Q: 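Could you have a look at this structure, given as structure tokens, before my questions?
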Amino acid sequence: MLKSCSVLQYFGRGNSDCGYCHTSSTNITIGAHAHILPAVSYEEMMFAGWRRCGSYLYKFVMSDTCCPAYTIRLPIKDFHLHRSQRKILRSMHLFLKSDIRSNKEFIKKDAHPTKIRVTISETENPNCKLADNPNLSSNCVLKLKKTSKARYKRYISSREKKLLKMSEEDVDLAFLRRKRSRIENNRPKGLDELLQFSGVDWKHSLTFRLLRCHDKANKEIIKTEFELYKKYQSNIHLDDEDDITITSFSRFLVVTNLESSTRDGSLEKPCRGAFHLQYWIDHKLVAVSVLDILPTSISSVYFFYDPAYEFLRLGSYSVLREIQLSREYAEKHFPGLEYFCLGFYIHSCQKMCYKAKFCPTYLLCPVNLSWHKFDSIKPHLDKSEYSVFGENSLLPPVDINLLNIFFLDSVMPFSVYSTLSSSGDETRNELQEVANHLGPNAIKYVIIFRQN
């Protein structure tokens with residue numbers, strides 16, 4: 001068990017200016033530095049509300065902070081595409097194929113809804129009941145709405161009944177069958193089909209590279225990423241360029257103590273650890289997604305892109321691409337992979353609203369650490385930014401004796417540490433706070449470093 005434990009140096013509470021509501025000293029978090037961070041340990045902490053920034057781990061004090069941030073994740077097998085997400089994939093397809101850069105520049109020929117025009121002549125069909133309906137013109141239009149696959153199947157079943165009825169009324173069935181065949185060919189495609197972007201004589205190419213983010217062999221690539229990161233931060237987040245340094249970039253997104261496999265990872269042969277997934281269009285780096293590949297999940301740490309390609313909505317596109325990547329890895333390499341984690345969700349932050357559209361997403365209750373479907377808890381968040389979703393709003397403190405301490409070059413339970421240390425009630429209260437924020441599961445995978 002100790003081999004799977006993180007070694008953390010706890011820093012306690014801290015407050016800072018909020019980057020979401022832009023108020024001063026209202027962002028309340030607790031933090032720790034990870035000297036050792038195995039993947040299994042970090043995942044348990046992540047599912048208790050923690051996130052990493054380099055080798056620094058932090059968690060929002062949800063009841064006190066100005067903008068409560070909920071951990072959000074998605075079961076990859078249950079994901080289904082939203083209409084707006086299909087448009088994003090279609091925009092990428094049209095850009096790569098024909099260099100079309102705006103939805104206004106094209107009219108999709110085979111898009112849903114499909115209209116089936118049934119010509120009814122009263123002279124040819126004197127007994128047709130549809131023709132006798134005063135609410136219908138001589139050309140009756142039946143519309144197939146954009147809908148889910150289940151509703152689509154129900155529609156086809158109902159169409160069979162209509163066709164049988166129309167055959168009794170001498171409606172041209174050959175014409176209708178040709179239209180129905182077109183409908184079936186235009187049925188909604190899956191995510192894997194929509195992400196297949198390749199073809200002869202296409203205007204642009206899109207390729208991907210998966211790199212170990214702390215690999216020294218990638219120094220030149222990191223320099224390329226820094227220029228892209230600097231452009232993104234200064235244009236999208238309006239940061240001062242003088243404050244954006246390669247040192248801060250490396251500390252934020254490159255250097256980490258997250259344990260990884262000894263072998264090199266690639267898109268075809270992935271391994272556990274921290275990686276950069278690079279997006280290249282026409283041999284130009286346009287976006288980078290920092291990912292953690294963990295035992296049961298892939299976690300999105302950060303994403304930045306070239307503002308010149310903002311029209312492609314690369315933020316949402318990257319999530320779709322990485323959900324599919326998670327599915328492929330679960331099928332071929334990691335059978336236990338179940339979730340794609342989208343970081344934090346802040347209900348009052350407009351920039352984060354897109355995360356809830358990747359259905360079905362689940363939010364972590366900050367008190368009982370249980371997962372709840374977003375659709376079911378949205379009414380609570382509409383009323384109050386800080387909400388408790390489970391039945392038990394007050395849980396008993398986590399047993400502090402479950403906490404392991406690294407002290408005097410040895411790992412020991414808290415009960416032994418308390419007899420050897422000269423620290424008093426203040427230290428005990430601090431360590432009890434750590435235990436409560438870790439929760440009953442993650443506490444088993446954490447060792448707290450103490451000097452006194």
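Just so you know, these numbers come straight off a predicted model, no measurement behind them.
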Q: Yes or no on salt bridge (Lys or Arg N to Asp or Glu O under 4.0 Å) for E430 and R450, after CA distance, side-chain angles and deciding distance?
A: CA-CA 12 Å; E430 182 182 274; R450 298 290 297 186; 2.7 Å; yes
Q: Under the side chain to side chain donor-acceptor pair (under 3.5 Å) rule, collect the residues that match up with H437, sequence neighbours excluded.
A: none
Q: Taking atom types as modelled, is there a side-chain donor on E322 or S289 under 3.5 Å from an acceptor on the other?
A: yes
Q: Give the ring-plane orientation class for F249 versus F226, where under 30° counts as parallel, over 60° as perpendicular and anything between as tilted.
A: tilted
Q: Would you check if the distance from the ring center of Y445 to the ring center of Y42 is below 6.0 Å?
A: no
Q: Taking the six-membered ring for Trp and the single ring otherwise, decide whether the centroids of Y70 and Y345 are under 6.0 Å apart.
A: no
Q: For F95, run the ring pair (Phe, Tyr, Trp, His ring centres under 6.0 Å) check against W202, Y317, F311 and tell me which one passes.
A: F311
Q: For R313, look at atom CZ and say whether over 12 heavy atoms of other residues, nucleotides or ligands are found less than 6.0 Å away.
A: no
Q: Looking at every non-hydrogen atom in both residues, tell me the closest pair between V398 and N436 and how far apart they are.
A: N-OD1, 3.0 Å
Q: Quick one: list whatever passes side chain to side chain donor-acceptor pair (under 3.5 Å) with D239, sequence neighbours left out.
A: Q233
Q: S248 vs T245, test: side-chain hydrogen bond (donor to acceptor under 3.5 Å, both in side chains). Steps then yes/no.
A: CA-CA 5 Å; S248 62; T245 65; 3.0 Å; yes
Q: Aromatic contact between H204 and W280, with the criterion being ring centroids under 6.0 Å apart: yes or no?
A: no
Q: Cation over ring, R209 on F275, under 6.0 Å and within 45°?
A: no
Q: Kindly compute the distance separating CG (L8) from CG (L57), expressed to the nearest 0.5 Å.
A: 6.0 Å
Q: So, Q451 versus Q9: side-chain donor-acceptor pair below 3.5 Å or not?
A: no
Q: Looking at the rings of H237 and Y232, which for Trp means the six-membered one, are their centres under 6.0 Å apart?
A: yes
Q: Counting only heavy atoms not in Y20 (residues, nucleotides, ligands), do more than 12 fall under 6.0 Å from its OH?
A: no
Q: Side chains of L195 and L89, heavy atoms from C-beta outward: is any pair under 4.5 Å?
A: yes
Q: Do S299 and R51 have side-chain atoms, one donor and one acceptor, less than 3.5 Å apart?
A: yes
Q: Could you check, using the six-membered ring where one of them is a Trp, whether Y279 and Y305 have ring centers closer than 6.0 angstrom?
A: no
Q: Provide the closest heavy-atom pair for S6 versus L37 in the form atom of the first, atom of the second, distance.
A: OG-CD1, 3.3 Å
Q: Is the centre of the Y362 ring less than 6.0 Å from the centre of the H372 ring?
A: no
Q: State whether a side-chain donor-acceptor pair under 3.5 Å links N429 with E433.
A: no
Q: Decide whether Q85 and S316 meet the rule of one side-chain donor and one side-chain acceptor closer than 3.5 Å.
A: no
Q: Just wondering, do I236 and E310 contact through their side chains at under 4.5 Å, heavy atoms?
A: yes
